[in-house]
Structure formats: structure tokens, C-alpha cells
Trainee: 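Okay, here's the structure, questions in a sec.
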Number of protein chains: 2
Amino acid sequence: MTREHVSNLPEVPEEIIQHFDQWQAEGVDASNCPVRDVLDRIGDKWSVLILMMLAREPKRFSALNKAVGDISKRMLTQTLRALQRDGLVERTVYPTTPPRVDYRLTDLGHSALRPLAGLIVWADKRHDDIRAARDAFDRQETVAA
Amino acid sequence: MTREHVSNLPEVPEEIIQHFDQWQAEGVDASNCPVRDVLDRIGDKWSVLILMMLAREPKRFSALNKAVGDISKRMLTQTLRALQRDGLVERTVYPTTPPRVDYRLTDLGHSALRPLAGLIVWADKRHDDIRAARDAFDRQETVAA
DNA sequence: AGTTATGGTCTCGTTTCGTTACCAAGGATC
DNA sequence: GATCCTTGGTAACGAAACGAGACCATAACT
């Protein structure tokens with residue numbers, strides 16, 4: 001039943017699903033799971049956005065701040081530091097006044113872009129479906145209440 | 001300069017990067033950006049994990065709770081509700097006692113699995129690099145202090 | 001002297017998160 | 001027939017993370 005359901009959809013490599021199964025059997029917690037470890041960083045509110053913004057070329061702190069728009073300086077600093085710590089982003093300070101600081105993707109950071117692009121394309125393509133689902137869900141709730 | 005840097009890396013489709021550029025020019029905030037809208041949900045602490053766990057077959061609430069391990073019932077409920085609202089997961093209640101509730105991926109949920117798998121493979125492959133970068137960063141900090 | 005610009009940090013109030021206790025319903029146990 | 005067990009949650013509360021805004025150092029420019 002589940003198999004039929006799955007089989008007519010774009011396939012997820014069986015190998016990956018086996019990974020999932022395996023983790024599941026072991027009980028996935030943060031300590032033993034690389035995906036958890038990485039996703040907890042990458043998967044926060046701002047990281048992906050910032051990696052995207054740096055895709056083509058390095059950017060200054062203020063440029064990032066403006067590009068993202070509704071991020072606060074506090075969170076921008078924090079996110080950039082985390083990305084730097086994880087080796088995805090490189091920080092360069094030019095000791096001028098006023099100071100100038102560039103952020104650029106490292107090779108590792110660049111390598112993240114491809115999988116992220118996959119996700120982004122999906123998000124773009126399915127956005128309408130998701131919004132429709134949301135509306136339907138919220139209507140139901142309203143009716144039930 | 002940046003171009004050379006980029007060109008010898010696994011390529012990200014130029015089309016995608018243009019997307020990034022465009023968003024950037026417009027100033028990406030939550031309201032006008034589908035990616036933001038979607039990523040804010042998908043990209044929370046638990047959603048991806050749960051989608052992974054449901055990859056092969058539907059699971060009961062308690063099974064998910066056990067599989068993830070360090071998620072609380074509160075957050076599990078909350079995350080599942082959000083996924084259901086976004087149409088990625090379907091909730092089925094069997095009115096027995098004690099109650100039995102199944103969660104399964106919808107077609108939409110399944111379609112998310114492929115891009116997520118890409119990310120997961122990346123995380124798995126690059127985990128060591130990231131940890132190494134972290135260690136190096138933390139050592140530097142310690143020395144500087 | 002006063003203004004402007006950059007790349008932050010500090011503080012404080014609000015949200016969100018995680019932990020624990022609790023609940024309802026019926027079947028099994030004694 | 002009173003008690004206990006199980007499932008799938010919810011309620012309440014303290015802890016941690018987040019967001020808005022004020023503030024700062026430096027020097028060039030007016």
C-alpha cells in the first residue's frame with residue numbers, strides 16, 4: 001500500500017531510505033547523528049539565506065544586512081560567526097576607517113550550495129501547494145471552532 | 001577572481017544563482033520570498049528529522065517519539081501539526097482505546113524527500129570537514145583569549 | 001566642533017523551547 | 001468493581017533564544 005503510493009513518485013534513492021531506517025532503529029539523537037549535527041546549524045532561520053546571498057560573490061556586512069532586510073545586526077553577526085566556525089564562510093577584515101569586513105564562501109561553503117539549491121527549487125515549485133494546504137487547514141480549524 | 005574560485009567547484013546552475021541575485025536586489029524579506037516562507041517551516045529543529053523518519057512508512061506518534069529520542073512530546077506534536085498544516089504529512093486517528101494515531105507523508109511530503117536527501121548526503125559527506133573547521137576555530141579562540 | 005560611516009556589542013522585553021505533571025477512555029487484572 | 005496500564009496528547013512553568021534599539025570607537029570630511 002505504502003509501496004504503491006511511493007512507487008509513482010520521483011524516487012528517493014533506496015540507499016538513502018536505508019540510512020533513515022538505520023538511524024531510526026538506533027534512535028537518532030544529536031550526539032550520534034551527523035545529520036543532526038549539521039542540520040542544527042544549517043537549518044536555523046538565517047544560515048541558508050546568507051549562504052545564498054554569498055553565492056555569487058563576497059559581500060560586506062552591511063550589504064548582507066541590507067540584502068536580507070529583516071535580520072537584525074545581532075543575528076547577522078551571530079549567524080556569520082557560526083558559519084565561519086563551521087568553515088563555510090571566511091571573514092576578512094580590512095583595517096581601514098570605517099572598518100570594512102568581507103564575507104565569502106569557502107570551498108566547503110560552496111559545496112553546500114548545490115544541495116541547498118535543490119531545496120530552494122523545490123520550495124519555489126511547491127510553494128503554491130503548501131500555501132493551499134495551509135489555507136485548507138486553517139479553514140477547517142475555523143469551521144471546527 | 002571570484003569566478004575562478006567558483007569555476008573549479010561542482011557547479012551550481014547559473015539559473016539558481018541568478019535567482020539569488022534577484023532576491024538580493026529586491027531585498028529578501030519573509031513576505032515576498034517563497035524560500036523564506038518554506039524554509040522557516042522545513043528548516044526548524046525537528047521537521048527534517050521527522051520527514052526522514054516517515055520516509056519508508058507511516059509511523060505512530062509513539063514510534064516517532066522513540067525514534068527521534070530527544071524530542072519532547074510537546075515539540076513532536078507541534079512539529080507534526082505544522083507539517084500537517086503545510087500538507088506534508090497526513091494524520092489518521094483510529095478511535096480505539098488507547099487511541100492510535102498514524103502519521104504518513106503525503107505526495108507533497110514525499111516530493112520534499114529528494115531535495116532533503118541531497119542535503120543529508122552532503123551533511124554526511126562533509127561532516128568531518130565541518131568538525132575539523134570547528135575545532136580549528138575554537139582552538140584559535142582559545143589561543144587568542 | 002560636529003557629522004557621517006562601518007561593524008559590531010549590550011541591554012532588555014518578548015517568543016520559543018524543554019521538562020514535568022496531568023488527563024481521558026476503555027481493557028485487563030485482581 | 002476498584003485499580004492499573006496504555007496512548008496521544010495538553011497545561012504550566014522556568015530556561016534559553018530571539019529581535020529592536022541604543023550605544024561605541026575611529027577617522028575622514030565639513
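Any value given below was found using the heavy atoms of this structure, including those in side chains, with hydrogens, waters and symmetry copies removed.
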Trainee: Which atom names give the shortest non-hydrogen contact between B:L108 and B:G87, and what distance separates them?
Mentor: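 Looking at all heavy atoms of both residues, the shortest contact is CB-O, 3.6 Å.
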
Trainee: Kindly give the heavy-atom pair with the smallest separation between B:I71 and B:N65, and that separation in Å.
Mentor: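 In terms of heavy atoms, the two residues are closest at O-ND2, 3.2 Å.
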
Trainee: Mind listing the residues from residues 84-94 of chain A sitting with a heavy atom below 4.0 Å of DNA chain D? Number order is fine.
Mentor: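 Within this stretch, nothing sits under 4.0 Å of the strand.
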
Trainee: Does the side chain of A:W46 get closer than 4.0 angstrom to OP1 or OP2 of D:dA17 through an N or O atom?
Mentor: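 No, A:W46 has no side-chain N/O under 4.0 Å of OP1/OP2 on D:dA17.
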
Trainee: Find the distance B:D102:CG to D:dG9:P and express it as a whole number of Å.
Mentor: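 Rounded to the whole Å, the gap is 11 Å.
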
Trainee: How about B:R134: does its CZ atom have over 12 heavy atoms from other parts shown lying under 6.0 Å from it?
Mentor: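 Counting other residues, nucleotides and ligands, CZ of B:R134 exceeds 12 neighbours.
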
Trainee: Is there any protein nitrogen or oxygen under 3.5 Å from a nitrogen or oxygen in nucleotides 28-30 of chain D, and what are the pairs?
Mentor:
none

Trainee: Could you tell me how far apart B:D40 (CG) and D:dC18 (P) are, to the nearest whole angstrom?
Mentor: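 Taking CG of B:D40 and P of D:dC18, I get 12 Å after rounding.
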
Trainee: Going by heavy atoms in the side chains, are A:L116 and B:W122 under 4.5 Å from each other?
Mentor: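 Side chain of A:L116 against side chain of B:W122, heavy atoms only: no contact under 4.5 Å found.
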
Trainee: A:F61 CZ to C:dG8 C1': how many Å, rounded?
Mentor: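 The answer, rounded to whole Å, is 6 Å.
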
Trainee: For a 4.5 angstrom cut-off between non-hydrogen side-chain atoms, does B:Y94 reach B:D102?
Mentor: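 Side-chain contact under 4.5 Å: yes.
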
Trainee: What is the distance, rounded to the nearest whole Å, between atom CG of A:D44 and atom P of C:dT16?
Mentor: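 For the pair A:D44 CG and C:dT16 P, the rounded distance is 16 Å.
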
Trainee: So which one's nearest nucleotide on DNA chain D is more toward 5', B:Y103 or A:P98?
Mentor: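 Closest to the 5' end, via its nearest nucleotide, is B:Y103.
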
Trainee: Looking only at heavy atoms, which two atoms of B:R81 and A:F137 are closest? And how far apart?
Mentor: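 Between these two residues, the closest heavy atoms are O-CZ, 4.4 Å.
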
Trainee: Is there side-chain contact between A:V35 and B:M52, with at least one heavy-atom pair below 4.5 Å?
Mentor: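 A:V35 reaches B:M52 side chain to side chain.
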
Trainee: Inspect the surroundings of CZ in B:R60 and state if more than 12 heavy atoms from other residues, nucleotides or ligands are less than 6.0 Å away.
Mentor: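 Yes.
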
Trainee: Would you check if A:F20 and B:I120 make a side-chain contact, meaning some heavy-atom pair closer than 4.5 Å?
Mentor: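 Yes, their side chains come closer than 4.5 Å.
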
Trainee: Just to be sure I understand the geometry, which residues of residues 66-83 of chain B put a non-hydrogen atom under 4.0 Å away from DNA chain D?
Mentor: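 Hits under 4.0 Å, by residue number: B:K73, B:R74, B:T77, B:R81.
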
Trainee: Starting from C1' on C:dG18, measure out to NZ on B:K45 and report it in whole angstrom.
Mentor: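 Those two atoms, NZ and C1', are 9 Å apart.
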
Trainee: Is any side-chain N or O of B:R100 closer than 4.0 Å to OP1 or OP2 of D:dG8?
Mentor: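 For B:R100, the contact criterion (side-chain N or O under 4.0 Å from OP1 or OP2 of D:dG8) is not met.
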
Trainee: Please find the pair of heavy atoms, one from B:W46 and one from B:D70, that lie closest to each other, and give the distance.
Mentor: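 In this case the closest contact between B:W46 and B:D70 is CH2-O, 3.5 Å.
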
Trainee: In the structure I gave you, are the side-chain heavy atoms of A:L105 and A:V89 within less than 4.5 Å of one another anywhere?
Mentor: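 SC-SC contact between A:L105 and A:V89 confirmed.
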
